[in-house]
Amino acid sequence: MEENLKIVEGAERSLNFMEEIIEDYIAKGGKDIQTRFPPEPNGYLHIGHAKSICLNFGLAAKYGGKCNLRFDDTNPVKEDVEYVDSIKEDIKWLGFDWALERYASDYFEQLYEWAVELIKKGKAYVDDQTQEEIRATRGTVTQPGTDSPWRGRSVEENLDLFARMRAGEFPDGARVLRAKIDMAHSNMFFRDPIMYRIIHAHHHRTGDAWCIYPMYDYAHGQSDSIERITHSFCTLEFDVHRPLYDWFIGELDIFPSHQYEFARLNLTYTMMSKRKLLQLVQQKVVAGWDDPRMPTITALRRRGYTPASLRAFAERVGVAKRDNVIDLGLLEFSVREDLNKTAQRRMVVTNPIKVVITNFEEGRTEMIKCVNNPEDEGAGMREVPLTREIYIERDDFMEDPPKKYYRLSPGGEVRLRYAYLVKCGEVIKNASGEIVELHCTYDPESSGGGSSDGRKVKGVIHWVSVPTAVEAEARLYSTLFDRENPDDVEEGKTFLDYLNPESLVVQTVYMEPALADAAVGEKFQFERIGYFCKDKDSLPGKPVFNRTVTLKDSWAKMQK
RNA sequence: UGAGCUAUGGUGUAAUGGUAACACUGCAGAUUCUGGAUCUGCCUUUCUAGGUUCGAAUCCUGGUAGCUCAACCA
């Protein structure tokens, strides 16, 4: 696995633009590279965050720097400890560890003092306008705004009012503290941005100590500065905020952190909007944040994705400044690549048809040696029982096969994986003409890859012995949505109109006995089917497996 | 229609004034006790019009297209 990681992460490639920024910084004498991953604890992390995590932690590691985890917890009504716990778990699972765990709320006192400083400089004022009035006077992107009637208040009055805001004298929404910049600025964020608002709410960390809370723009840059973040990476939509980020740091004359933006990750057949993901959970379209069809890290983990595969994926998608939509196929390629080398093989029949090997003695059980993973010699061997009656896949038999069909057909011969050659004799049907059973004969000389007369066979099929088969529930997942870009909605529709009705298909499958005592979270390749991971919903005697991803299937492709 | 950001194969990402390449996808073949894996080959690319230059994906100008911004969200 280490090796595997190296192939991707250590591969020779040119620098991405972020690495260039950092190398440029170092070339100019800069040191102590410091980054941070700054989630708001208001939801679960998704694959887009995984890209950001790999970037921030990866860059710090590559250049001998450090990366902090800082929760942007400036809005108590949306945030919760449930989310901070899940975020920490996800980051660790991905394989990263932060230098410092910090919260924007750790800096509330300092932020307050700096606000007082700005008031004293005449750079901030308390505005009594209502939310609606503020919105109405902000202007539009093409029209300038107009000054608030409270813009000219004296420093003394502002100081007094701001102190009383903090003291809790005013109800929510009564007043705000605004930076005094330029109501006609072409950048909307410079039109006297709000720095503080009154919210009488319990904060998950500071409790009831505060009833005024800083806005993102007033908190983020200064928090970066306090932590001496040298490179503050964020997504493209924040580029409009950068001048304001610089303005506060400049006015306060504090450590000059700098912000750089990169394009966020988009994936086909899903969406990254926290709002919409929350909607899927709340409307019970999915079973929860960790429903294996969700793009959240917790869901991907439950589905069977590995940390290494997600890191390799992040490396492969690269980083740049233009909008992108990554093909889901690349994510799937990344897990298959990892699981192919690490997951043990097992035989499982998903849609059975019974085969009776007529020349195999009744009551006899032969233990067949099977290779656990042909890609990993260290994985060893296991024994699988073979008996007179076995299950094979219904798809592996055709009464009237097309050309190039290598599997079983009347009179045809195939190899039972790891075991003998079998030839199909009789096809048993019920009254309504459905095939219920196949009668075959085996070649006792054909174990170990040979045959009694040197003949070769093209088809190899998997099988499970009937008396020892273990029943399990398989959850076959495909995309939650039926189109590549479910965010692109037509008139009068919503993304919920684009759900894929077959995103989850539950099946009863028959497994070889070795699978009976797999551990939750353990990953296997069900030979010729796909990669599966044992789910936490498993009950004693009733295992549940999630299909992580199918195997590449060039036969299915030919069929189309 | 104000400001900012971005334009390279089907999808991503490189090439940093000097032969447009790498990965995924797709197609074809070799090989194989997984129609898996592996290996080989192939298809397909610089938004547009000018300019600078011996030479432009790269620099300049205009155009076009896409994205972002008018929460007391982050």
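These figures come from a predicted structure and were not determined experimentally. Throughout, protein chains are lettered first and strands after them, A, B, ... in sequence-line order, and every chain is numbered starting at 1.
- Summarising the base pairing, B:A23 is matched to B:U11 through a Watson-Crick or G-U wobble pair whose two defining distances lie under 3.5 Å.
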Point to revise | Check against side chain to side chain donor-acceptor pair (under 3.5 Å), A:Glu79 and A:Tyr103 | key: CA-CA 12 Å; A:Glu79 297 150 9; A:Tyr103 295 77; over 6 Å; no
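- At a non-hydrogen distance threshold of 4.0 Å, A:Ile134, A:Arg135, A:Arg138, A:Gly139, A:Thr140, A:Val141, A:Thr142 from residues 133-148 of chain A come into contact with RNA chain B.
- The distance from atom NE2 of A:His204 to atom P of B:A74 is 12 Å, rounded to the nearest whole Å.
- A donor-acceptor pair shorter than 3.5 Å can be found between the side chains of A:Asn372 and A:Arg346.
- Ring planes of A:Tyr245 and A:His220: tilted class, angle from 30 to 60°.
- Stacking annotation: A:Tyr216 is not stacked on the base of B:A74 (requires ring centroids less than 5.5 angstrom apart and an interplanar angle below 30 degrees).
- Atoms CZ (A:Phe17) and C1' (B:C5) sit 11 Å apart, rounded to a whole Å.
- Of the residues listed (A:Glu393, A:Glu527, A:Glu512, A:Arg417), the one engaging A:His462 in a side-chain hydrogen bond (donor to acceptor under 3.5 Å, both in side chains) is A:Glu393, and it is the only one.
- Classification of A:Arg316 and A:Glu337 as a salt-bridged pair holds, one side-chain N sitting under 4.0 Å from a carboxylate O.
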Pairs under 3.5 angstrom, nitrogen or oxygen only, protein versus nucleotides 21-29 of chain B, please.
unit_1 : atom_1 : unit_2   : atom_2 : d
B:G26  : OP1    : A:Lys557 : NZ     : 2.5

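- Using a 4.0 Å heavy-atom cutoff across all strands shown, A:Tyr218 reaches no nucleic acid atom at all.
- Remark: P of B:U13 and CG of A:Leu55 are 12 Å apart, rounded to the nearest angstrom.
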Point to revise | Residue pair A:Lys28, A:Asp24: steps toward the salt bridge (Lys or Arg N to Asp or Glu O under 4.0 Å) verdict | key: CA-CA 6 Å; A:Lys28 288 181 174 136; A:Asp24 192 48; 3.0 Å; yes
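- Glycosidic torsion of B:A30 falls outside 90° of 0, placing the base in anti.
- B:C33 makes up no base pair with any nucleotide shown, lacking Watson-Crick or G-U wobble contacts both under 3.5 Å.
- Side-chain atoms of A:Leu236 lie closest to B:C5 of the nucleotides B:U34, B:G35, B:C5.
- There is a side-chain donor-acceptor pair under 3.5 Å between A:Tyr44 and A:Glu82.
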Study note, to complete from the structure: Scoring nucleotides 38-44 of chain B by protein non-hydrogen atoms under 4.0 Å (B base, S sugar-phosphate only, - none) yields -------
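- For the residue pair A:Ser451/A:Asp443, the side-chain donor-acceptor check at 3.5 Å is not satisfied.
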